[in-house]
Number of protein chains: 2
Amino acid sequence: MVTLAEVAQHAGVSASTVSYVLSGKRSISANTRQRVERSIRELGYHPNAGARALASSRSNIIALMIPLRTDIYVPVMMEIAIAVATTARTHGYDVLLLTGEEGPDAVRRVAGSGLADGMILMDVELDDERLPLLRETDQPAVLIGMPADTTGLTCVDLDFKATGALCAEHLAQRGHRDIAVIGEAPAVYERHTGFAERTLDGVRTRARELGLRLLHRPCEGGYDAMALTLARILDERPGTTGFVVQNESALEPLLALLRQRGRAVPEDVSVVAVCPEQVAVQASVRLTSVAIPAQEMGRRAVEQLVAKLDGRGGDEVVLLAPELTVRASSGPAPAQP
Amino acid sequence: MVTLAEVAQHAGVSASTVSYVLSGKRSISANTRQRVERSIRELGYHPNAGARALASSRSNIIALMIPLRTDIYVPVMMEIAIAVATTARTHGYDVLLLTGEEGPDAVRRVAGSGLADGMILMDVELDDERLPLLRETDQPAVLIGMPADTTGLTCVDLDFKATGALCAEHLAQRGHRDIAVIGEAPAVYERHTGFAERTLDGVRTRARELGLRLLHRPCEGGYDAMALTLARILDERPGTTGFVVQNESALEPLLALLRQRGRAVPEDVSVVAVCPEQVAVQASVRLTSVAIPAQEMGRRAVEQLVAKLDGRGGDEVVLLAPELTVRASSGPAPAQP
DNA sequence: ATAGGCTGTCGAAGCGCTTCGACACCCCCT
DNA sequence: AGGGGGTGTCGAAGCGCTTCGACAGCCTAT
């Protein structure tokens, strides 16, 4: 293992000079800098992370807390995580992966041990139990998602309320009068994960303003659950012609079931999804959808956190504006019989 | 920030004693131990990770390298990652998330800086460019997947060859004579990711032994690609009655397309999938499948790595035995017309 | 009764880096 | 010519922890 001291000796300078070349915190003559850089290359030097962390009280690590839940659409989580990791690297940070397993204690452990300089929390609940700890230890942190009380917190999220509104508008515009929201699994609502409720709120508010009749049904993923849910919806409101779907694993089942019942998409029924682009494009009917900008969310979260760690920028709620892309699953409402 | 020294003072012992209480590397009287533990609790002490790493040359961190590819089924990756993270915690390790972005350099960086004590690599190619580095730096490492040359390496993977064989056997047993493998995207084969080829090899070998006629077609995910692929298969071998599907995002499309063509599953056609349990159960037809034991793979990988770090256990290839679960998508071949 | 071996605790020496203050040295200004 | 202000470099003091050797005190075996 090559050390700073060895590099210094090899280059014929003192250790501190090498350190300053590396950090750029003091000016170094071009000549010296080059000699040092050459020595670093020749010896294959890599600064020891532990020593660096100890001396500078900075680990250059960001902790990313991902919950363990399986009722949330996993690819989105993954995409966010990957975006976080790559963005972090561009800012000189590595990412530590924490799972929900350890619960709120992880916050204490990470904050206390100086393992990470800051953290990013995913799948934030409205009244998340990690938040008090965050505030109390005043860990630099960024949430992906939005709790009920955001004072003193930095959050990044898709504007789900606007998303819901956008979906309602789209359907209204095409002449649909009776619409249904097929939501996430009941557990998601019970847990008060904000995004589901906010989307619903958005649809509901806008639907009311536009004079739409609205039905909302949570739905576990899968074929069977969707069959039940759909049956119930069409039972109660046979005239339903517009669907807003927020549960990715209910999408294909819904399309298959509609087909089976002889309701053609988009001729008889329109479907608007809230899902990642890829899902919308790969579905058996190319779906009109509001994309979940997973990459963007991950990227922004890191940027906010890095800004905080650099002492720039304060608490802020970043809501990404939703964009609805019209594809093949939505069209004008059928003429009233 | 509470330090060891403060704990020592509070408990009225020396710093080294506290350290030994923490590490258990020397015997400590019950009395002293309790006093120290009490002080630790009262002061809310957490050992500083950097200092610890510096002094002990152990970071208690495992690096997990996940590629960025999108043509691989993401939920499996995620499940493995989560399993790795939680298992690591039970052994006192944290997990550092590295993406493919940085490429092989990440190996050098992590090894050189002592950031992690060892690494776990996912999505290993047959001739992976990271392997020479791994051997050269002799980083303790475990691969999830199998390269062409495993000498000096520890690998954990599902036995995909046996998986393929199992699928072929199952179909043969039900009387199918013409079967087709719907594989991963062409890119996956070009990249020489072993698992796809090994599965195919398994099917092919066993099919030959059992006198089955076999067709293999790679397939991008999605509805359109699957439509094309299926058309081509049925064109060439209209009598095909058994399908082995390894590409998760081709599954629903295939089922829908078969339905559309009037071929009932499982009455006319049988489908065997290689996919996570959840996918098999949630599909529109409950699928006969060989499960991909993602959790188990992650867990085993960590255990192998920890054993290595503890100086126990050497290089070893752990192949998990596949299990085929019969569900509703496979049945006896239809009588020959 | 005494040598020898345990047990439990302590002090001190680092681990490899960052950072602060000190200080040559050179250049420019008056 | 001499003082003032940059530049560029160095030495040394830690950062908080682990770990080695030392040693006091006690118990056992002779």
(message) To the closest 0.5 Å, what do you measure between CG (A:Leu98) and CG (A:Leu64)?
(response)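 Here the rounded value is 7.5 Å.
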Among residues two or more places apart or on two chains, list those pairs meeting salt bridge (charged side-chain N to carboxylate O under 4.0 Å, His left out) that have a residue in [range].
range                       : answer
residues 81-105 of chain A  : A:Arg89-A:Asp94, A:Arg89-B:Glu102, A:Asp94-B:Arg109, A:Glu102-A:Arg109, A:Glu102-B:Arg89, A:Asp105-A:Arg108
residues 4-33 of chain B    : none
residues 126-144 of chain B : B:Asp128-B:Arg130, B:Arg135-B:Asp149

(message) So, using side chain to side chain contact (heavy atoms under 4.5 Å, CB included) as the criterion, who are the partners of B:Leu54 when residues are at least two apart?
(response)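 Side chain to side chain contact (heavy atoms under 4.5 Å, CB included) check on B:Leu54 returns A:Ala51, A:Leu54.
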(message) Could you work out, with side chain to side chain donor-acceptor pair (under 3.5 Å) as the rule, every residue matching A:Gln139, not counting sequence neighbours?
(response)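 If we apply the side chain to side chain donor-acceptor pair (under 3.5 Å) test to A:Gln139, skipping adjacent residues, there are no hits.
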(request) Name all residues meeting the side chain to side chain donor-acceptor pair (under 3.5 Å) criterion together with B:Arg58; count only those two or more places apart in sequence or in a different chain, and write none if there are none. (result) B:Tyr93, B:Asp117
(request) Mind listing the residues from residues 20-40 of chain A sitting with a heavy atom below 4.0 Å of DNA chain C? Number order is fine. (result)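 Under 4.0 Å from DNA chain C: A:Tyr20, A:Lys25, A:Arg26.
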(request) Could you list by number each residue of residues 106-119 of chain B showing a heavy-atom separation from DNA chain C of less than 4.0 Å, or answer none if no residue does? (result) none
(message) By nearest heavy atom, map B:Ser56 and B:Ser14 onto DNA chain C; which one lands nearer the 5' end?
(response)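 Per heavy-atom nearest nucleotide, the more 5' residue is B:Ser14.
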(request) Output the residues of residues 44-55 of chain A in contact with DNA chain D, where contact means a heavy atom of the residue under 4.0 Å from an atom of the strand; sort by number or write none. (result)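 A:Leu54, A:Ala55, in order of number.
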(message) Tell me the bend of the helix from C:dA1-D:dT30 to C:dT30-D:dA1 as the angle between end helix axes, each from five pairs, rounded to the nearest 10 degrees.
(response)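 The end axes of the helix from C:dA1-D:dT30 to C:dT30-D:dA1 are about 40° apart, to the nearest 10°.
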(request) With sequence neighbours left out, write down each residue that passes ring pair (Phe, Tyr, Trp, His ring centres under 6.0 Å) with B:Phe160, or none if nothing qualifies. (result)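 For B:Phe160, the residues satisfying ring pair (Phe, Tyr, Trp, His ring centres under 6.0 Å) (neighbours in sequence not counted) are B:Phe195.
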(message) Please confirm whether the shortest side-chain N or O distance from B:Ser16 to OP1 or OP2 of D:dT19 is below 4.0 Å.
(response) no
(message) Within the 4.5 Å heavy-atom criterion, are B:Thr99 and B:Ile66 side-chain neighbours or not?
(response) no
(request) Kindly indicate whether the side chain of A:Pro75, heavy atoms from C-beta on, has any atom under 4.5 Å from the side chain of B:Pro75. (result)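 Touching, per the 4.5 Å side-chain cut-off.
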(request) Assign B:Ser19 to base, sugar-phosphate, or nothing according to its heavy-atom contacts below 4.0 angstrom with the strands shown. (result) base
(request) Start with the C-alpha distance between A:Met146 and A:Val124, add both sets of side-chain angles, then the distance that settles side-chain contact (heavy atoms from CB on, under 4.5 Å), and finish with yes or no. (result) CA-CA 6 Å; A:Met146 283 227 308; A:Val124 178; over 6 Å; no
(request) Rounded off to whole Å, could you give me the CG-to-P distance for the B:Leu4 and D:dT19 pair? (result)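 These atoms are roughly 12 Å apart.
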(message) Given 3.5 Å as the limit, does a donor-acceptor pair link the side chain of B:Thr87 with the main chain of B:Val84, or not?
(response)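 Absent.
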(message) Tell me which pairs pass side chain to side chain donor-acceptor pair (under 3.5 Å) where either residue lies in residues 39-50 of chain A, with sequence neighbours left out.
(response) A:His10-A:Ser39, A:Arg38-A:Glu42
